[in-house]
Protein chains: 2
Amino acid sequence: MPKLDESLLSDLPPFSLLERSQIREVLDHAVSRRYEEGTAIFREGHDADRFYMLLDGYLRVVRTTPGGDQIIVLHISPGQLFGIAPALQRDTYPATSIAAAESIALSWPVSLWSDFTTNYPGFATESYKTLGQRLGQIQDTLTEMATQAVEKRVACALLRLVNQTGRKTEGGIEIAFPVTRHDISEMTGTTLHTVSRLLSAWQKDGIVQSTRKHIVVTAPHRLVLLSGIEG
Amino acid sequence: MPKLDESLLSDLPPFSLLERSQIREVLDHAVSRRYEEGTAIFREGHDADRFYMLLDGYLRVVRTTPGGDQIIVLHISPGQLFGIAPALQRDTYPATSIAAAESIALSWPVSLWSDFTTNYPGFATESYKTLGQRLGQIQDTLTEMATQAVEKRVACALLRLVNQTGRKTEGGIEIAFPVTRHDISEMTGTTLHTVSRLLSAWQKDGIVQSTRKHIVVTAPHRLVLLSGIEG
DNA sequence: CGGCAATTTGAATAATATCAATTGTAGTGG
DNA sequence: CCACTACAATTGATATTATTCAAATTGCCG
């Protein structure tokens, strides 16, 4: 295993308050791994034996119903902790994490969790902040799902992707990892057919530009209007 | 202010590991208050200046959209901590809490949060366990909302109420606080009309028995079937 | 007893899912 | 390099569910 460089973590909030030597310790206990697109990092209901930090790539956090339907609960971007079930005193993961693009993550055994929270200033704080944000995000999604029509939900989902992972290109803001119509339908609780129709219509209107697994939002402001965020 | 009795807390998980004297300290810092049905304990977005323990009654946790629609995110039963935004490093409450029935709650200023978590064994653990359960619950609701048809969602919502707050009576299991058709529609993201029609049909089928603001489930097993929890 | 809130119910409508078939695109291996 | 295959996307037609609109009824509280 190659030695990991300290600069990997030194700017990330959970570790930004640490001394160089502490970061060294953290890295020395970490396992680094690469995940192919489509691979599961861990699965819902399994023993939560490790916690993670995403260094590069993007993840989908997914739940599956007994009936086999899937929904995408949220996405994870580089620099975020995930699989931090131990923070909530859970001994199993509450959802499945799948690499939405080729990804790299560090991980540590849960047995180190209490060491981290007690010895490393800012680590606990940041972890709980992350959880708080995620809880808020899920509540937002729930509220949206319960009250908004499909078109608005899809618009909101796209905007969320754009805000979290978008990068500017000529011609608009591009979503940084592969997304299919089907993925979006799983984020919004609709069918890929409906999503396809909506995206086609928006493309005709010049709001988005999309090819296979790839979406560029060309007129974000108009998408915001469609999303119905009233003042 | 009357002195609060130690037996109030001694059996509740967050405090069950404490010495008598510690419970005394906790109570001496607590403010006890009664809330009329329909009263807000705190509101979404406001400064999270206190955290709470529900002693008696029931609460609805509610979010409101810019458009004025409301949804009920979850319910809180006696013995549960709530308003524990500080645990997630939030400085505002992420939702509104309303007394669904006349209720009594203790509260403490957030400034005591870190004292509680560091000095009182088991308190932090239980708080985070509660959050973990709540996060799981919300994810369940989200998944359900995204994948299930209205009838199943309403069946699930009723079952959830029954499981959390139901008490056996002759003739079935009764939901322990006032619930309107409108409330159920806000739990399930549908209209009160649809809920009314469903309950009427179920009543005709002998599955529930309901009067104004009051529901008794007479055939829980059949409701489970309707809820579509497949093996 | 009056009035408000909760509930019920019918009919019309619109949104979205379902069904079904086709086209397009990328990757694979001969 | 091309054919083959698997996956992704499009699109029309139809079916259906649940909302919306509208109105009436019921029960409770003061």
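These figures come from a predicted structure and were not determined experimentally. Each chain gets a letter, A, B and so on, in the order the sequences are listed, and its residues count up from 1.
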By the salt bridge (charged side-chain N to carboxylate O under 4.0 Å, His left out) test, which pairs, at least two apart or in different chains, include something from [range]?
range                       : value
residues 41-58 of chain B   : B:E44-B:R63
residues 175-191 of chain B : B:R60-B:D183
residues 77-88 of chain A   : none

message: Using a 4.0 Å cut-off on heavy atoms, which residues in residues 201-215 of chain B reach DNA chain D? List them by number, or say none.
response: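 Here the set is B:R212.
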Please report, rounded to the nearest Å, how far the [atom2] atom of [N] is from the [atom1] atom of [X].
X      : N      : atom1 : atom2 : answer
A:E186 : D:dA9  : CD    : P     : 12 Å
B:M145 : C:dT16 : CE    : C1'   : 17 Å
A:H182 : C:dA17 : NE2   : C1'   : 14 Å
A:E36  : C:dG27 : CD    : P     : 13 Å
B:L198 : C:dT9  : CG    : C1'   : 14 Å
B:Q148 : D:dT17 : CD    : P     : 15 Å
B:R181 : C:dT8  : CZ    : C1'   : 9 Å

- request: Compute whether any side-chain donor of one residue and acceptor of the other, for A:T130 and A:S127, lie under 3.5 angstrom apart.
  value: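 No - no donor-acceptor pair under 3.5 Å links their side chains.
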- prompt: For A:T180 and D:dA8, is the shortest distance between a side-chain N/O and OP1 or OP2 below 4.0 Å?
  reply: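 Looking at the OP1 and OP2 atoms of D:dA8, neither is under 4.0 Å from any side-chain N or O of A:T180.
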query: Is the phosphate of C:dT7, meaning OP1 or OP2, less than 4.0 Å from a side-chain N or O of B:S196?
result: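 For C:dT7, OP1/OP2 do not have a side-chain N/O of B:S196 under 4.0 Å.
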side-chain hydrogen bond (donor to acceptor under 3.5 Å, both in side chains) contacts touching residues 73-82 of chain A (sequence neighbours left out):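 Output for this query is empty, none listed.
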query: Applying side-chain hydrogen bond (donor to acceptor under 3.5 Å, both in side chains), which residue pairs with at least one partner in residues 218-229 of chain A are found, sequence neighbours left out?
result: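 Checked against side-chain hydrogen bond (donor to acceptor under 3.5 Å, both in side chains) - neighbours excluded - no pair reaches residues 218-229 of chain A.
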- prompt: Who are the side-chain hydrogen bond (donor to acceptor under 3.5 Å, both in side chains) partners of B:T65, not counting sequence neighbours?
  reply: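 Checked B:T65 against side-chain hydrogen bond (donor to acceptor under 3.5 Å, both in side chains); zero matches.
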task: Identify, with sequence neighbours excluded, every residue that meets side-chain hydrogen bond (donor to acceptor under 3.5 Å, both in side chains) alongside B:Q133.
output: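 So B:Q133 forms no side-chain hydrogen bond (donor to acceptor under 3.5 Å, both in side chains) with any residue.
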B:S97: which of B:F82, B:Y35, B:Y52 passes side-chain contact (heavy atoms from CB on, under 4.5 Å):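 Result for side-chain contact (heavy atoms from CB on, under 4.5 Å) with B:S97: B:F82.
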query: Name the one of B:V150, B:I184, B:L158, B:T180 that satisfies side-chain contact (heavy atoms from CB on, under 4.5 Å) with B:V195?
result: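 The residue from B:V150, B:I184, B:L158, B:T180 that satisfies side-chain contact (heavy atoms from CB on, under 4.5 Å) with B:V195 turns out to be B:I184.
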Positive for ring-ring contact (aromatic ring centres under 6.0 Å, His included) with A:F51, one of A:F42, A:Y93, A:W108: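 Passing option: A:W108.
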Contacts under 3.5 Å, N or O only, protein and nucleotides 1-3 of chain C:
none

- prompt: Which letters describe nucleotides 18-25 of chain D, given B = protein heavy atom under 4.0 Å from base, S = only from sugar-phosphate, - = neither?
  reply: SBBBB---
Greater than 12 external heavy atoms within 6.0 Å of B:H29's NE2: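 Atom NE2 in B:H29 is not packed in, count stays at 12 or less.
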- prompt: With sequence neighbours excluded, what pairs up with A:E36 under the salt bridge (Lys or Arg N to Asp or Glu O under 4.0 Å) test?
  reply: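 Salt bridge (Lys or Arg N to Asp or Glu O under 4.0 Å) list for A:E36, sorted by chain: A:R34.
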Divergence of helical axes at both termini of the helix from C:dC1-D:dG30 to C:dG30-D:dC1 - five pairs an end, 10° steps: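 Inter-axis angle at the ends, rounded: 40°.
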query: Which heavy atom of B:G132 sits nearest a heavy atom of A:R90, and at what distance?
result: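 Distance-wise, the nearest heavy atoms are O-NH1, 3.9 Å.
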message: By the 4.0 Å heavy-atom rule, please label B:L199 as base, sugar-phosphate, or nothing.
response: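 Counting heavy atoms under 4.0 Å across all strands, no contact is made by B:L199.
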